[in-house]
Amino acid sequence: MNPNLKKSLSSRFARGVCHRGLHDLRCPENSRAAFLQAIESNMPFECDVHLSKDGKLVVCHDSDLFRVTKKHGIIEELTFDEIQEFHFFDGSSPMALPDLLSLNDGRVPMVIELKAYQGNGRELAKAAAPILNGMKNIAECYLISFDPEALRGAKEADIHMPLGFLVGTEAVKHASKELLYEFDFLDVEVHYSLLPRFGRYRKDGGFIVCWTVKNRLTYNIGKKRCDVLTWEEVDSAKEELKVNSFIHKRVNPLVKN
């Protein structure tokens with residue numbers, strides 16, 4: 001990795017990244033409220049972007065809207081107006097990416113994930129290029145994807161951001177060394193950062209972001225083995241090592257303060 005880019009990313013995201021916005025029991029993930037909470041807390045945030053049937057860029061994690069709205073519908077098979085009939089638990093609907101960029105207005109750095117669906121990665125990148133290249137703070141943001149074709153499409157479309165390859169179970173199983181070194185950096189599921197290949201990558205000068213930190217265990221792993229932490233819980237994002245009380249009491253009782 002270019003040393004200047006590495007230094008720039010380390011400085012820009014020193015506080016970490018809020019995964020799907022700064023969401024909690026009041027603010028749904030990837031919602032206007034979650035993004036606004038991140039902005040008001042001066043925290044960089046991550047968002048997920050899909051391509052709707054009518055070519056709009058829609059901010060939501062899953063292609064199927066059921067998990068977050070309790071109503072079935074595939075973003076890529078719906079128009080943006082149809083998607084507005086789906087509602088998160090706070091009553092809001094998925095945003096269009098241009099509206100999110102207007103909401104942020106360049107105030108905090110952003111991480112944009114391209115969510116490819118049934119091989120549309122290059123098409124998604126091409127649609128996103130003019131919008132992303134028009135961002136006020138594009139020099140403070142970066143782009144990620146699990147789909148290497150989306151990232152290659154971003155290169156072809158000349159999107160002016162560092163590109164990060166997301167590494168989860170499938171990439172750990174199947175990605176070649178050449179693929180892991182193809183883009184500007186890696187964004188690795190935090191437990192996989194323990195694998196020797198990622199230690200070697202970092203020693204080779206590579207830059208590793210990890211996802212997602214939600215308790216002391218994942219914090220300790222990420223802090224030691226990665227360069228930037230992506231936070232899941234609202235409390236942990238606001239204050240390092242502060243474990244969300246719900247997670248602490250109900251999900252991981254072995255975590256100690």
Side-chain angles (χ1 to χ4, degrees), residues 13 15-52 56-76 78 80 83-104 107-117 124 141-146 164 166 168 187 189-190 209-215 218-219 222 228-239 242-248 250-252:
F13 295 95
R15 295 185 66 197
V17 179
C18 300
H19 192 225
R20 308 178 197 174
L22 200 48
H23 60 93
D24 55 21
L25 297 178
R26 296 176 296 109
C27 302
E29 65 176 62
N30 271 310
S31 68
R32 179 184 180 89
F35 296 130
L36 190 58
Q37 188 162 234
I39 294 164
E40 290 174 346
S41 300
N42 196 34
M43 287 292 299
F45 63 83
E46 181 259 2
C47 66
D48 305 283
V49 177
H50 295 259
L51 187 64
S52 70
K56 304 294 184 183
L57 295 166
V58 182
V59 179
C60 191
H61 184 268
D62 305 344
S63 284
D64 190 335
L65 289 157
F66 182 77
R67 181 179 63 84
V68 291
T69 70
K70 305 307 177 189
K71 181 180 176 182
H72 283 294
I74 304 298
I75 290 175
E76 286 77 8
L78 299 167
F80 183 72
I83 292 165
Q84 296 310 289
E85 299 301 316
F86 291 75
H87 303 286
F88 300 134
F89 66 74
D90 69 345
S92 66
S93 296
M95 301 180 71
L97 180 61
D99 294 333
L100 175 55
L101 300 185
S102 295
L103 177 70
N104 186 31
R107 287 181 283 176
V108 299
M110 293 174 59
V111 179
I112 297 99
E113 180 180 345
L114 296 179
K115 303 291 285 191
Y117 178 77
L124 172 59
C141 302
Y142 63 81
L143 195 68
I144 57 177
S145 185
F146 285 104
L166 275 161
D187 197 339
E189 200 280 330
V190 63
V209 179
C210 73
W211 53 276
T212 52
V213 171
K214 59 183 72 177
N215 54 35
T218 48
Y219 172 86
V228 171
L229 308 182
T230 303
W231 303 96
E232 183 65 35
E233 301 299 332
V234 63
D235 286 344
S236 61
K238 286 182 176 177
E239 181 181 341
K242 183 177 180 182
V243 180
N244 178 281
S245 60
F246 178 82
I247 296 294
H248 177 74
R250 304 291 182 82
V251 180
N252 193 355

Exercise for review: Grab the two heavy atoms, one from E46 and one from E113, that are nearest each other, plus how far apart they are.
Suggested key: OE2-OE1, 3.1 Å

Exercise for review: Working to the nearest 0.5 Å, report the span between CD1 of I144 and CD1 of I112.
Suggested key: 9.0 Å

Check your understanding: Would you call V111 and C141 a side-chain contact if the rule is heavy atoms closer than 4.5 Å?
Key -> no

**Study point:** Nearest heavy-atom neighbours spanning V228 and G16
**Key:** CG1-CA, 4.4 Å

Point to revise | Heavy-atom side-chain contact between L124 and L57 under 4.5 Å | key: yes

Revision key, fill the gap. Output for pair (R20 CZ, S31 OG), nearest 0.5 Å, gives 12.0 Å

Study note, to complete from the structure: dist D48:CG -> K115:NZ (nearest 0.5 Å) comes out at 5.0 Å

Check your understanding: How far does CZ of F13 sit from CE of M43, to the nearest 0.5 angstrom?
Key -> 10.5 Å

Exercise for review: Determine the minimum heavy-atom distance between C18 and A38, stating which atoms define it.
Suggested key: SG-CB, 4.4 Å

Exercise for review: Taking the side chain as every heavy atom from C-beta outward, state whether E232 and T218 have any atom pair closer than 4.5 Å.
Suggested key: no

Review point. Taking R107 for the side chain and E40 for the main chain, is one N or O donor matched with an acceptor at less than 3.5 Å?
Key: no

Review point. Is a donor on one side and an acceptor on the other found under 3.5 Å between the side chain of W211 and the backbone of D187?
Key: yes

Practice item. Please report the closest heavy-atom contact between H50 and I75, naming both atoms and the distance. Key: CB-CG2, 3.7 Å

Point to revise | Donor-acceptor contact present, side-chain T230 to main-chain V17, <3.5 Å | key: no

Review point. How about W231 and T212: do any of their side-chain heavy atoms sit closer than 4.5 Å?
Key: no

Would you list the atom pairs, donor with acceptor, under 3.5 Å between side chains in residues 89-102 and any protein atom, with sequence neighbours excluded?
unit_1, atom_1, unit_2, atom_2, d
D90, OD1, S92, N, 3.0
D90, OD1, S92, OG, 2.7
D90, OD2, S92, OG, 3.4
S93, OG, Q84, O, 3.0
S93, OG, F86, O, 2.8
S93, OG, H87, ND1, 3.1
S102, OG, P98, O, 3.1

Exercise for review: Mind listing the closest non-hydrogen atom pair of S52 and L78 along with its distance?
Suggested key: CB-O, 3.5 Å

Review point. Hey, does the side chain of T69 reach the backbone of K71 with a donor-acceptor pair shorter than 3.5 angstrom?
Key: yes

Practice item. Would you please test S63 and E76 for side chain to side chain contact (heavy atoms under 4.5 Å, CB included) and show each step? Key: CA-CA 7 Å; S63 284; E76 286 77 8; 3.1 Å; yes

Study note, to complete from the structure: For C47 and F35 the tightest heavy-atom approach is CB-CZ, 3.7 Å

Exercise for review: Examine distances only and state if a side-chain atom of E29 and a backbone atom of H23 form a donor-acceptor pair shorter than 3.5 Å.
Suggested key: no

Exercise for review: Give, for atom CG of D62 and atom CD1 of I74, the distance between the pair rounded to the nearest 0.5 Å.
Suggested key: 9.0 Å

Review point. D24 side chain to C27 main-chain N or O, any donor-acceptor pair under 3.5 Å?
Key: yes

Check your understanding: Below 4.5 Å, heavy atoms only, C-beta onward: do P44 and M110 meet side chain to side chain?
Key -> no

Practice item. Could you tell me whether the side chain of F45 reaches within less than 4.5 Å of the side chain of L22, counting heavy atoms only? Key: no

Point to revise | Trace of the side chain to side chain contact (heavy atoms under 4.5 Å, CB included) decision for F80 with V58 | key: CA-CA 8 Å; F80 183 72; V58 182; 3.8 Å; yes

Check your understanding: When rounded to the nearest 0.5 angstrom, what is the spacing between CD1 in I83 and CG in L65?
Key -> 6.5 Å

Review point. Would a 4.5 Å heavy-atom cut-off, applied to side chains only, mark H61 and V68 as touching?
Key: no

